[in-house]
There are 2 protein chains.
Amino acid sequence: MRAAEAACRARKLRLTPARAFVLETLLESHQAMTAYEVLDRLAGAGLGSQPPVAYRALDFLVANGLAHRIERLGAFVACTHGGAEHAAAFLVCRRCRRVAETALPRAMRGLIDEAAAGGFAVETVVVEAEGLCDACREAGA
Amino acid sequence: MRAAEAACRARKLRLTPARAFVLETLLESHQAMTAYEVLDRLAGAGLGSQPPVAYRALDFLVANGLAHRIERLGAFVACTHGGAEHAAAFLVCRRCRRVAETALPRAMRGLIDEAAAGGFAVETVVVEAEGLCDACREAGA
DNA sequence: GCAGGATTTGTTATAAAGTAACACATGCCC
DNA sequence: GGGCATGTGTTACTTTATAACAAATCCTGC
Ligand SMILES: [Zn+2]
Ligand SMILES: [Zn+2]
Ligand SMILES: [Zn+2]
Ligand SMILES: [Zn+2]
């Protein structure tokens, strides 16, 4: 959180109350949250009750690398890197929706270069591994 | 298409009229199609007009490796491998929604092994590179 | 301080994507 | 041809996401 605030100051981004609240909410949740779950929290805090409020805050956080959208779940998680420039991969538990962020394998370069050779200009890469986390595996599939 | 029919016979899968129609539709479309676009075609062919009709056919095709869901788009493409067992990565044009299927980099193994070492059992991996295809890049961003 | 532009918020309404549930039909095995 | 699995038709609904536009707020240069 501190890191995020610092990153926003450094980049002259406005971490408004709603945005800060959403980021804190994501940081405290240990699972991916849908926009509507976030919206519930916002409503509870009196910061807005309509979908666009949640989507706007989330869009801001994602655009500035403070949060990530997990495509597989249509849900969001706080970034664990405090917003520094980075490419990430995710381990997504299909049972509890817990998400671990890891470094994007260097080997992905190969894919990008190959694509470029074929005329395709890669801008972003989504890597999401779905499976079962430790706790869920022990608890039974 | 021939390959898909053969694969279904070999695996005792029922490629019913609706399923075959959806697969053909995807094969002929050179872009990813949403479930509702598929549904429109189905309706046009008199094969059903309600969302579950499209989703059931698509679920069948995806479950059996004859089509893939592009998470980034919430849309579907026919597999270019005729259903043989395989892990794929995708190059997704954000402008025209054209999708190219490529082999999943062998290096992804590293990610999977690393996850396993951390107690996470990977079952499937989604790799989608988003960017601009050759044609769209030339036409201007 | 304050005009004027850019950004952010509040709100309504609507679009798009996906699923639950259940009755009915169809194929398949014996 | 009885019984069971699989597939279909349909209704209704949930979840996810955006368009559009007016009001408020912030910044910047004067
Ligand atoms: Zn991150
Ligand atoms: Zn889990
Ligand atoms: Zn494929
Ligand atoms: Zn394109």
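Throughout, a chain's letter reflects where its sequence line sits, starting with A, and its residues are numbered from 1. FYI, side chains are in, hydrogens and waters are out, and symmetry mates aren't considered; it's all heavy atoms of this structure. Treat the numbers as computed from the prediction; the structure is a model and nothing was measured.
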A.B. asks: Side-chain contact, heavy-atom cut-off 4.5 Å: B:V53 with B:L47?
C.D. replies: no

A.B. asks: With side chains defined as the heavy atoms from C-beta onward, is the minimum distance between A:T25 and A:L23 less than 4.5 Å?
C.D. replies: no

A.B. asks: Please determine whether the number of non-hydrogen atoms from other residues, nucleotides or ligands lying under 6.0 Å from atom CZ of A:R11 exceeds 12.
C.D. replies: yes

A.B. asks: Who pairs with A:R69 by salt bridge (charged side-chain N to carboxylate O under 4.0 Å, His left out), at least two apart in sequence or on another chain?
C.D. replies: A:E71

A.B. asks: I'd like to compare against my own output: the B/S/- annotation of nucleotides 4-11 of chain C with a strict under-4.0 Å heavy-atom distance to protein.
C.D. replies: ----SBBB

A.B. asks: Find out if a path of hydrophobic residues (ILVMFWY) with successive side-chain heavy-atom gaps under 4.5 Å connects A:V126 to A:M108.
C.D. replies: no

A.B. asks: List, by chain and then residue number, the residues other than A:L73 in its hydrophobic cluster (Ile/Leu/Val/Met/Phe/Trp/Tyr, side-chain heavy atoms under 4.5 Å); write none if there are no others.
C.D. replies: A:I70, A:V77, A:F90, A:V92, A:V99

A.B. asks: Applying side chain to side chain donor-acceptor pair (under 3.5 Å), which residue pairs with at least one partner in residues 49-59 of chain B are found, sequence neighbours left out?
C.D. replies: none

A.B. asks: Go through A:L39 and A:T34 one step at a time and tell me if the side chain to side chain contact (heavy atoms under 4.5 Å, CB included) criterion holds.
C.D. replies: CA-CA 9 Å; A:L39 180 56; A:T34 68; over 6 Å; no

A.B. asks: Could you note down all residue pairs passing side chain to side chain donor-acceptor pair (under 3.5 Å) where residues 96-106 of chain B supplies at least one of them, sequence neighbours left out?
C.D. replies: B:E37-B:R97, B:H68-B:E101, B:T80-B:E101, B:H81-B:E101, B:H86-B:E101

A.B. asks: In whole angstrom, what separates B:Y55's OH from C:dA20's P?
C.D. replies: 12 Å

A.B. asks: Looking at DNA chain C, which of residues 30-43 of chain B put a heavy atom within less than 4.0 Å of it?
C.D. replies: B:T34, B:Y36

A.B. asks: Any salt bridge (Lys or Arg N to Asp or Glu O under 4.0 Å) involving residues 108-136 of chain B? Give me the pairs, sequence neighbours left out, ordered by first then second residue.
C.D. replies: A:R94-B:E123, B:R72-B:E130, B:R109-B:D113, B:D134-B:R137

A.B. asks: Measure the angle between the two terminal helix axes of the helix from C:dG1-D:dC30 to C:dC30-D:dG1, five base pairs each, and quote it to 10°.
C.D. replies: 40°

A.B. asks: When the distance from CZ of A:R72 to C1' of C:dG18 is rounded to whole Å, what number comes out?
C.D. replies: 15 Å

A.B. asks: For residues 7-47 of chain B, pull every pair meeting ring pair (Phe, Tyr, Trp, His ring centres under 6.0 Å), keeping only residues two or more places apart or in separate chains.
C.D. replies: none

A.B. asks: My understanding is that only residues two or more places apart in sequence, or in another chain, count here; which of them pass side chain to side chain contact (heavy atoms under 4.5 Å, CB included) with A:C8?
C.D. replies: A:L13, A:L15, A:L66

A.B. asks: Is the shortest heavy-atom distance from the side chain of A:V122 to the side chain of B:L132 under 4.5 Å?
C.D. replies: no

A.B. asks: Under 4.0 Å from any heavy atom of chain B: name the first and the last nucleotide of DNA chain D that qualifies, 5' to 3'.
C.D. replies: D:dG7 to D:dT11

A.B. asks: Here's a test of your reading of the structure: between A:F76 and B:G46, which maps to the more 5' nucleotide of DNA chain D?
C.D. replies: B:G46

